[in-house]
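Inspection log for the structure reproduced underneath, given as structure tokens.
Note that the structure is a prediction, hence the values are computed from the model and not measured.
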Amino acid sequence: DPVFTTTHVLSYGTDCLGCHDGVESIGANFDHARTQFPLTGLHQGLICTKCHLDARSVVDLQNTPSQCVNCHAKDEPHEGRFGTACETCHSTSGWKPAKFDHNLANFKLTGKHIGVACEACHTDGTYKGTASTCGACHQKDDAHQGQFGVDCGLCHSTNGWKPSTFDHNLSAFKLTGAHLNAECNQCHQNGVFKGTPTECYSCHAKDDNHSGRFGTNCGACHTTTAWKPATFDHNLSAFRLTGAHANLACERCHSKGFSGTPSFCAACHGDPAFHRGMFGANCVECHNTSNWNASYNGLHPSFGEHGGINHEGASCRDCHTKNLGSATCLKCHDSNNPGDGGGGD
């Protein structure tokens, strides 16, 4: 074919023996599949001069570059952002459809990200330098209005927005006990999370059976496990419990509530009839919280010959068998002795 010959000479020169050996090793019957670069897809229909430019010998033909970019740099619309290995995404069947294994990138695709169109994240045909933070794409979807920051992955996964999880132990308010099973909206009302108060009373004022008499720090007596049993360290109050007081049920003293409970002895113990009103309401002058047995150290009123001195080891009831307003000498003195008997009001 004169036209082919002319074109061939213009492309490869006139030194035919540089490539041909007379037996057509290279020519019409040349099988490219036997080389290191087999032709597939659209490469099969190309004329030799498309790839073998200015070749003048077999060596020139063999040294023809085989990388995609050597022929297709002019066809590359990505401006080098994906490198020069076109075969990573394209095949010889055609530029489209193209595929890209995102797992080869720094940002692996999982869950619903796998089915997203490239341009949903790579806007304006930009690929290199695309932001990989959740907020870069999902800020418009943030129902929390930035209260939890921009790292959606702390609570959500790529499988879907729901169900979501949140490790409350990463916050300043750790969840324990019954708090672990509370619904988020029980504390975080109206979708507000940031700035939620952490004081007990902010949630439990309605549960306060004490009507505020113990203040607002429920944790002073209760735990997050349950309201009951409750404990109260009475030593933190103005009235410390000692002796028999320590084992009393709360309602024994706090029969009408807690706030304003009187702390003087007679408020609970009254004045025994035995005293006949002689000692007032300050029981601790003779008694202590460990035992009601009295220890009177004052001077005894003058009575006959005894002149105000105490009988060592004697009990008040030895002489005052009924009450302190009456006395008998018969504990110590024989009634047959006229000088010893008697005694009265």
Side-chain angles (χ1 to χ4, degrees), residues 176-177 200-201 204 207-335 340-345:
T176 58
C200 304
Y201 228 60
H204 295 293
D207 306 311
D208 180 15
N209 293 327
H210 315 300
S211 302
R213 294 187 296 268
F214 284 163
T216 60
N217 183 19
C218 310
C221 303
H222 302 277
T223 69
T224 59
T225 303
W227 286 112
K228 292 184 178 181
T231 59
F232 177 69
D233 186 357
H234 221 286
N235 288 327
L236 298 177
S237 70
F239 189 85
R240 290 169 174 73
L241 298 185
T242 59
H245 284 170
N247 297 320
L248 289 178
C250 303
E251 56 270 17
R252 288 287 301 276
C253 300
H254 301 286
S255 57
K256 297 181 180 179
F258 296 88
S259 181
T261 300
S263 59
F264 57 91
C265 305
C268 285
H269 298 291
D271 187 12
F274 182 76
H275 288 179
R276 286 287 298 269
M278 299 174 64
F279 294 118
N282 191 14
C283 308
V284 297
E285 289 184 350
C286 301
H287 301 275
N288 60 58
T289 59
S290 298
N291 199 312
W292 271 114
N293 290 336
S295 176
Y296 179 69
N297 297 316
L299 289 174
H300 196 285
S302 177
F303 186 76
E305 296 178 356
H306 296 295
I309 64 173
N310 289 323
H311 278 14
E312 183 178 354
S315 166
C316 298
R317 291 184 183 275
D318 287 342
C319 299
H320 305 286
T321 57
K322 295 181 179 180
N323 57 58
L324 294 178
S326 63
T328 177
C329 300
L330 296 179
K331 172 71 176 179
C332 299
H333 301 283
D334 189 339
S335 61
D340 291 342
D345 294 337

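Between Met278 atom CE and His320 atom NE2 the span is 7.0 Å, to the nearest 0.5 Å. For the atom pair Leu241 CG and Cys253 SG, the distance stands at 7.5 Å (nearest 0.5 Å). Remark: Asn247 CG to His245 NE2 distance equals 11.0 Å, nearest 0.5 Å. Separation of atoms SG (Cys319) and CG (Leu324) is listed at 11.0 Å; rounding is to 0.5 Å. The structure places CG of Asn288 at 11.5 Å from SG of Cys283, a figure rounded to the nearest 0.5 Å.
Here the closest non-hydrogen pair linking Cys218 and Tyr201 is SG-CD1, 4.3 Å. Here the closest non-hydrogen pair linking His204 and Trp227 is ND1-CZ2, 3.5 Å.
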Original post:
Can Cys200 and Thr216 be said to form a side chain to side chain contact (heavy atoms under 4.5 Å, CB included), step by step?
Top reply: CA-CA 7 Å; Cys200 304; Thr216 60; over 6 Å; no
**OP:** Could you walk me through whether Ser237 and His234 pass the side-chain hydrogen bond (donor to acceptor under 3.5 Å, both in side chains) test, one step at a time?
**Re:** CA-CA 5 Å; Ser237 70; His234 221 286; 2.9 Å; yes
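For His210, the ring-ring contact (aromatic ring centres under 6.0 Å, His included) partners at least two apart in sequence or on another chain are Phe214, Phe258.
Counted within 6.0 Å of CG on Asn209, heavy atoms from surrounding residues, nucleotides or ligands total 12 or fewer; the atom is thus considered open.
The aromatic rings of His287 and Trp292 sit perpendicular, their planes meeting at an angle over 60°, well past the 30° parallel limit.
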